Structures are given as C-alpha cells and as structure tokens.
2 protein chains.
Amino acid sequence: MTEMAGKQKARPKRPAVICDEIKDWIVTQKLKPGDPLPQEKALVERFRASKGTMREALRSLEAQGLVTTRTGPRGGIFVSALDENRAMELLGNYFFFRQPSIADIYTVRCQLEPELAASLVGLMSDEDYQRLEETMRVYDHPAETVGEEYRQRMAELDFHGVLAELCPNPVLGFMCGFLQSLLRDLTVCRRIYDRPNPELRETGLSYQTRLIEAFRAGDRESARSIMYKHMLSAWRYMEACEAEMKPEFLRLRK
Amino acid sequence: MTEMAGKQKARPKRPAVICDEIKDWIVTQKLKPGDPLPQEKALVERFRASKGTMREALRSLEAQGLVTTRTGPRGGIFVSALDENRAMELLGNYFFFRQPSIADIYTVRCQLEPELAASLVGLMSDEDYQRLEETMRVYDHPAETVGEEYRQRMAELDFHGVLAELCPNPVLGFMCGFLQSLLRDLTVCRRIYDRPNPELRETGLSYQTRLIEAFRAGDRESARSIMYKHMLSAWRYMEACEAEMKPEFLRLRK
DNA sequence: AGATATTTGTTCGTATGTATT
DNA sequence: TAATACATACGAACAAATATC
C-alpha cells in the first residue's frame, strides 16, 4: 500500500501494517505454536505504535487464529496454530453470500469422499471402528420425533466427519470436513434434514456398513466405489427432497 | 465460555462478544454486502462499550473480511463479502503449521481439476480462450533466465487459475484455486519452480493445448481425461524433482 | 480549487480484571 | 491473603481522510 521506505515523519502506523509485520516476524523467526511474542508493552515500543493501535493489530491476528493471549503473570501473547474448526468458520464466511447449491457441494463430495475412503484403507484401528459404529447406532433405527430425525442426519454427517479426521492427508481431510460443515449450515439442507427421510437413512446405513467391511477387508477399490455410490445416492435423494419442498415453500409465500 | 445469562453487574463486554453480536445482527437483519452498519459512535452506545473496545471488535470483523470501513462524510462501517483472495489467505494459515506434501496436494488436484475441466465444457467464451492463450504464451518457449523459469511456472498455475475463476461451481472453483495458492507458497515447490524444468513445461503445454481443443469440441469426457493425465504427469514430475533435490539439500547441511 | 463538516483513526493516562506465586 | 505481572477496558483529546459545497 503506502509503503515509501525511509520516512522522517514517522506517520502513525496502522493496525493492518503492524499486523503484517508481526506475521513476518513470526515467519522469519520461525516461531512455532506456543512460542511467546514480546509483551504488549514491548511490542508498543518495538513498533512505535500506541497501546490502542497495537491492541487492534493483535485482535486482527487473534481473529485469524494466529495468536492467543493470556492475562496474569506468565501471561502474554502466544503464537497459535489456526485450529480446524476456526478455519472452517472463517472459510464458511466466504460462502455465506455465495450460497452454493446441493449440486455444487455434491459434485465435489463425489470426487473427494471416495478418495478419502481409499486413503483410510489399512490405517483404521479397532478404536476407530468403534467410533464409527457408535456414531451409526444413533441412526440404526427409525426416528420417532422430529428432533431425533435431525440428530440422526447430524450423526450421519459425523460418520464422514470421523473419516475426515482420520485422513492422513490434511488437505483432503480438511476439505471433506468442510463440505460437511457446509451441508450442516445451508438453510436448504436444514429444511431437508428436519423432515422424515427413511430412505436416506436406510440406504446410507447400508452403504456405510459395506464401507466398513471394505475397510476391514483392506479392499481399497471397493471402499472407493462404495463411497462413490453412497455420495451419488445421497445427492439424488437430497435433490429430490429439494424439488419436493420448493412448491411447499412457494405456497407459503403467496 | 463464561456465558451465565442474567447478570446484574453488566460486566464489560469483551470484543469477541460484541463481534459475535454484530455477526448475529448482520444475519438476522439479512444485511447484504454494501449495506451500512450503524456508525462507530452509535455502536458504542448500543453495545455500552468504550470506543477502544468497539474498535477492537470491528478490527476482528474486518480481519475476517466481514466489514470494511471508510472515513469521511458518508463514511462508516459496511457489510462486506469476504473476497476470494482473502479467504485463501485465511485458509492458508491453517496449513502453515501443517505443511502438506506434494502428494497430499496432487491427490486432491487429481480428483478436482478433471471435474473443473468438465464443468467448463460449453461455457467458454472467445474472450476466455484468449485469456488462456495469452497465459500460455508466457511459457511457449524455453526460459532463458532463472527469473523467467519461475515466472513460467507461475503462469502455468495461472492457467489453472483462469479455469477455476470461470468455474460455475463456487465450491469447486475455490478449492482448485486454493490448491494452486498452496503450490505457490510451499517452500518445497518454490525450490522446484526455481530450477529449469524443460520437460514439465513441454508436456504441460501439450496437455493444455489438447485441453483447449476438447473445450472447443465440446467434448466433456476428453476434457476430463486430459486434465487427469495432466495432473498425474505433473505430480510424478514434481515428486521426481523433490527426490532429486533432497540429496543436494542434505549435502549442504553436513 | 479551497473551506468545511463528518466520520474514522490514533494516542495516552488511568483504572480494572485476572491468574500466578 | 497479599503482592505481582500481565492483559483488558474506559474516555477524552487530537489527527487524518474524504465527500460536499
């Protein structure tokens, strides 16, 4: 922006500039999560800014998940690794005003979830299987109330969430996890998830059972193909629900 | 956290709380990008916070790309849509301490780029073709200097960047664009991109030429398959370079 | 072009909250 | 419990930017 090195006037530094300088400092000093930054007072001196300006800069960094602060003795400002949930929240803001369609999301899921399944073959521990089976127990029976219906849908997503968490590829794992968070948040989906979806539940359960068998058998190509069909089937079902609901929705508004 | 509804003391509100309340405000009022928020002074009154605290909250929102501010008459605070570059920067922070490998990135690219190519068939205008061809001119000849070498690699990524930008699926487009930004930033890749890569350039160019032909022919399956092979080939080449460089790197350190 | 009004941006002194010892 | 060390919050004064007349 307005860089112009070699100023005499020492124009007040803006928080955004300080923010970038601290980022650079973290990079060049190779600081790692948990490492302390100089204290607020010291930073104020180092960057020749006032306390208020410095605090605004630190808040920016905090919002981005790059630092955390603690009060009290041995407190201060610490480098921090942006955690997965926060990263998904931040990225979620990008799609807030760009509401993707069910097709947009499932197009990508159809590509990524099969690869996710394949990446897990041979890596699953007994404990991992237990987690999956526990999640599946939430929806191994028809729901009796609307609330349970919704909780079942969330648990179905959790199943994929567990897989994403176990994925050895951080990029793939993050993206799969993020697609789930998109599905959770989309209002279209929320409306769909609130209604009885007996077919979705039964077919989903069957795919997931077969997927676990493929994992246990160490059959990578099966795992991939089962997951692909699972995604295709869920996609079709979600779009059918959406089409069914649209007229209802229009009726309400007329 | 420390929620405890129904306080008497009116404990000073923390910026994070104010930040969330403003977010809720934007959602419930259905504000859209460009819509004004109350002015700083009004917000200070509404939230019973001091100016400094309010500014910290606003900085947080600004860092997340949710608001922008302008000084002067008719200035103020405005709702804003998180733009794509900023979203990639924010997400990039997540991978800063989790450096994915070339394999991690290309595993995902192999799934998404072919789908990206397929999604564009039938949607490309003459102007779009021109943009692609212009980009390709940067590397349609051997590089003569190290700097040109690097610029060629960047232009090759730009080619995919143009495709991502044109993608009608915002999720797919964003993810493909982000994978490129990861490749640009990874230090491993930077080292690879700095050296002469005659083979990468020639085969890449040939794939991209054929891809454009497939676009022009409206042949979706060809486009998908060419892109897949393009990705596989680039992946193999990048990993070969990495393997070649590692010993060098080790030599330097001994 | 210049003056002015409006709005955000920056500073500093002081007081408070909080966690460690 | 008290002392200490750190971040957090407040408010008033001042500076900079910019739209409008």
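Predicted model only: the values in this text are computed from it and were never measured. Lettering follows sequence order; numbering is per chain, from 1.
- Ring-plane geometry between A/F174 and B/F95 is classed as perpendicular, the angle between the planes exceeding 60 degrees on a 0 to 90 degree scale with a lower cut at 30.
- Residues meeting the salt bridge (charged side-chain N to carboxylate O under 4.0 Å, His left out) test with B/E148, sequence neighbours left out: none.
- The pair B/E156-B/R151 does not meet the salt-bridge criterion, since no charged nitrogen lies less than 4.0 angstrom from a carboxylate oxygen.
- Between the C1' atom of D/dC6 and the CG atom of A/L37 lies a distance of 15 Å, rounded to the nearest Å.
- Contact annotation: A/R55 side-chain N/O to C/dT10 OP1/OP2 distance is not under 4.0 Å.
- Residue B/R14 contributes atom CZ, which lies 10 Å from atom C1' of C/dT18 at whole-angstrom precision.
- The separation between B/K41 atom NZ and D/dG11 atom C1' is 14 Å, rounded to whole Å.
- Residues satisfying the side-chain contact (heavy atoms from CB on, under 4.5 Å) test with B/L123, not counting sequence neighbours, are B/P168.
- Shown here are the side-chain hydrogen bond (donor to acceptor under 3.5 Å, both in side chains) partners of B/Y106, two or more places apart in sequence or in another chain: B/R109.
- Of the side-chain N and O atoms in A/R59, none sit less than 4.0 angstrom from OP1 or OP2 of D/dA7.
- For the OP1/OP2 pair of C/dG9 and a distance below 4.0 Å, the side-chain nitrogens and oxygens of B/T69 include at least one atom meeting the criterion.
- Separating the CZ atom of A/F47 from the C1' atom of C/dT10 is a distance of 17 Å, rounded to the nearest angstrom.
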Is there any protein nitrogen or oxygen under 3.5 Å from a nitrogen or oxygen in nucleotides 5-7 of chain C, and what are the pairs?
unit_1 : atom_1 : unit_2 : atom_2 : d
C/dT6  : O2     : B/P73  : N      : 3.4
C/dT7  : OP1    : B/Q39  : NE2    : 3.3
C/dT7  : O5'    : B/Q39  : OE1    : 3.4
C/dT7  : O5'    : B/Q39  : NE2    : 2.9
C/dT7  : O4'    : B/G72  : O      : 3.2
C/dT7  : O2     : B/G72  : N      : 3.1

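- Remark: A/E56 engages B/R55, B/R59 in a salt bridge (charged side-chain N to carboxylate O under 4.0 Å, His left out) (not counting sequence neighbours).
- For B/D158, the salt bridge (charged side-chain N to carboxylate O under 4.0 Å, His left out) partners two or more places apart in sequence, or in a different chain, are B/R184.
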Just the table, please: protein N/O against nucleotides 13-15 of chain C N/O, every pair under 3.5 Å.
unit_1 : atom_1 : unit_2 : atom_2 : d
C/dG13 : O6     : A/K51  : NZ     : 3.2
C/dT14 : O4     : A/K51  : NZ     : 2.7

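- Contacts of B/R74 classified as side-chain hydrogen bond (donor to acceptor under 3.5 Å, both in side chains), with partners at least two apart in sequence or in another chain: none.
- Taking atom CG on B/L58 and atom C1' on C/dG9, their separation rounds to 12 Å, with Å as the unit.
- Protein atom CD of A/E56 is 11 Å distant from nucleotide atom C1' of C/dT11, rounded to whole Å.
- Among residues two or more places apart in sequence or in another chain, the side-chain hydrogen bond (donor to acceptor under 3.5 Å, both in side chains) test is passed with A/D128 by A/S125.
- We find that CD1 of B/I18 is positioned 12 Å from C1' of D/dT8, with the value rounded to whole Å.
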